[in-house]
Enquirer: 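The structure under discussion is supplied below as structure tokens; questions concerning it will follow.
Just so it is clear: chains get the letters A, B, ... in the order the sequence lines come, proteins before strands, and each one is counted from 1. Values below: every heavy atom of this structure, side chains too, minus hydrogens, waters and symmetry copies.
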There are 2 protein chains.
Amino acid sequence: MTTRRVRARPGEGPLLREEILAAAEALLIESGTEDALTLRAVARRAGVTTPSVYLHFADKEALLEAVCLRVWDQLDSDMNAAAARARDPFRALGMAGIAYARFALSHPVQYRVLMMRSPATTAALACHRRMVESVTACVEAGALRGDPEKLALSLWAAVHGCVSLLIAQPGFPWPDDLDAFIEETVAMAGFGAALSSRIPRRTPWTTPVLTERLDALAAGLPTR
Amino acid sequence: MTTRRVRARPGEGPLLREEILAAAEALLIESGTEDALTLRAVARRAGVTTPSVYLHFADKEALLEAVCLRVWDQLDSDMNAAAARARDPFRALGMAGIAYARFALSHPVQYRVLMMRSPATTAALACHRRMVESVTACVEAGALRGDPEKLALSLWAAVHGCVSLLIAQPGFPWPDDLDAFIEETVAMAGFGAALSSRIPRRTPWTTPVLTERLDALAAGLPTR
DNA sequence: ACATCAGGTTGACACTGTCATCCTGACGGC
DNA sequence: GCCGTCAGGATGACAGTGTCAACCTGATGT
């Protein structure tokens, strides 16, 4: 214990909490993995003994969750800002999806901890709620049809799967242009929701008919 | 160490490897989480001392990966069997996607370990390769257009995201009918790939036009 | 001056992955 | 029948982990 932290004065207790969070966040970002987040390393970095962490966090898991939730507020404002750049609700939905992916890739450790572990449901609920808002606007505008809750779930799953694989499988031979891949996945999900929500399940469509209609539809769209 | 395992005779060395794998798999399934897989628990269950595990596995991570890879062979045959139930390639693609989701939900621990951790890329490669095959058939049949590799990635991402969220967020308020949710997500991805692959990026489509065309397309499809 | 209590520290416990070292029993050669 | 050899393990130990009960300490209100 080389440099010991000066003791907080009474009433300034929560001050240490912030220092611990900052130390843990730095450790997480520098190492790139949550395995490096040991209580001893965090305490040493905060200039405090190990058990002092328990004065502000119930256990290691609570600390880890608190650290990762720290960046989560930015997600909502990111998605809002991105959606605001398009007045059309359906395009705004796509913008929000791309913003979601960018956010996840900007905070890979936090995203993995909160979304790929057992119960970090509060963060997941925030994601879903935000999605439902954008989807509801699209339903009201007529771009999508059906239950916004379920539509949002499927759309969310698609973009989550994209960033989830990118984060968890860095050794995979991903395409060179990741931005393009993300955009294409978001587009697939959006167009898919628009089309699929118009086709009742158990509809006896056949692939040749579908192919012909899709070709006709695409041919009728304006080209740049 | 109550019941000690009878020692294997020379030449029967790999026999213990299977017993360790079986013990580890049982531990994984009974507990439902990989945290319960400690080397001591595995060794005790196999009737062997702890360091003996190192005779057959480099370290704990290698054991965990080997255990989870044990069920992975079934995925390929599951998807093949499901795809074979439809002669149409595009419907077969959907069947394969649903089979993928069912497999993942049947082996949640193994799926999480192999797909939501840092480098288990061999399993991911197997998934992707299998997807590319189904997608290639759809491209040749005209249902999808574009690069099968990228199309497969986006489709895979969608279904992976779906099961990934279901596995990692069990506390989330999911819809009652999970099968329907999975089918809808797969349908969204499939229809989305079909439509999106026909619309070049940066196409200046507008939502009202798109909505009108989609409604017309859906109205022209046969009803049951 | 004194009791009080927030804000820590000390020391320990059980448990983990991992390793160097040693033992043991079956086999082949003579 | 005997012995060396080597695969197949067992022993004991080490450093590191999360966690907790017990203790200390210094500022503050009175």
Enquirer: So which pairs with a foot in residues 93-107 of chain A pass side chain to side chain donor-acceptor pair (under 3.5 Å), sequence neighbours left out?
Expert: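 Of all non-adjacent pairs touching residues 93-107 of chain A, those that pass side chain to side chain donor-acceptor pair (under 3.5 Å) are A/Y100-A/Y111, A/Y100-A/W156, A/R102-A/D179.
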Enquirer: Report, one line per pair, each donor and acceptor closer than 3.5 Å where one atom sits in a side chain of residues 57-67 of chain B; sequence neighbours left out.
Expert:
unit_1	atom_1	unit_2	atom_2	d
B/D59	OD1	B/A62	N	3.0
B/K60	NZ	B/L37	O	3.3
B/E61	OE2	B/R117	NH1	3.1

Enquirer: Heavy atoms from C-beta onward define the side chain here; which of D/dA10, D/dA21, D/dG9 lies closest to that of B/T49?
Expert: D/dA10
Enquirer: So, using salt bridge (Lys or Arg N to Asp or Glu O under 4.0 Å) as the criterion, who are the partners of A/R112 when residues are at least two apart?
Expert: A/E34
Enquirer: With side chain to side chain contact (heavy atoms under 4.5 Å, CB included) as the criterion, how do A/I29 and A/V109 come out once you've worked through the C-alpha distance, each side chain's angles and the decisive distance to 0.1 Å?
Expert: CA-CA 8 Å; A/I29 294 177; A/V109 202; over 6 Å; no
Enquirer: Let me know the distance between CD1 of B/I20 and P of D/dG8, rounded to the nearest Å.
Expert: 12 Å
Enquirer: For a quick test of reading the model: is some side-chain N or O of B/S52 closer than 4.0 Å to OP1 or OP2 of D/dG9?
Expert: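 The answer is no; no side-chain N or O of B/S52 sits under 4.0 Å from OP1 or OP2.
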Enquirer: Quick one: which residue pairs count as a salt bridge (charged side-chain N to carboxylate O under 4.0 Å, His left out) with a foot in residues 79-98 of chain A, not counting sequence neighbours?
Expert: none
Enquirer: State which of D/dA10, D/dG9, D/dA21 makes the closest approach to the side chain of B/H56.
Expert: D/dG9
Enquirer: Please give, in whole Å, the distance from C/dT18 C1' to B/F57 CZ?
Expert: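 For the pair B/F57 CZ and C/dT18 C1', the rounded distance is 16 Å.
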Enquirer: How would you list, by chain and number, every residue that makes a side-chain contact (heavy atoms from CB on, under 4.5 Å) with A/P175, sequence neighbours excluded?
Expert: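 For A/P175 the side-chain contact (heavy atoms from CB on, under 4.5 Å) partners, ignoring immediate neighbours, are A/F181, B/K150, B/L153.
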Enquirer: Whole angstroms only, please: what is the CG-P distance between A/L64 and D/dG18?
Expert: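 A/L64 atom CG is separated from D/dG18 atom P by 11 Å.
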Enquirer: With sequence neighbours left out, what residues match A/A193 under side-chain contact (heavy atoms from CB on, under 4.5 Å)?
Expert: A/L144, A/L151, A/L155, B/M188
Enquirer: Rounded to the nearest Å, what distance is computed from the CG atom of residue A/L55 to the P atom of nucleotide D/dA21?
Expert: 13 Å
Enquirer: Does B/A141 have any side-chain contact (heavy atoms from CB on, under 4.5 Å) partners at least two apart in sequence or in another chain, and if so, which?
Expert: B/P89
Enquirer: Tell me, which of residues 21-29 of chain A have any heavy atom that sits under 4.0 Å from an atom in DNA chain C?
Expert: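 Listed by number, there are none.
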Enquirer: Are there any protein N/O atoms within less than 3.5 Å of an N/O atom in nucleotides 14-17 of chain C, and if so, which ones and at what distance?
Expert:
unit_1	atom_1	unit_2	atom_2	d
C/dG17	OP1	B/L39	N	3.2
C/dG17	OP1	B/K60	NZ	3.3
C/dG17	OP2	B/L39	N	3.0
C/dG17	N7	B/R40	NH1	2.7
C/dG17	O6	B/R40	NH2	3.1

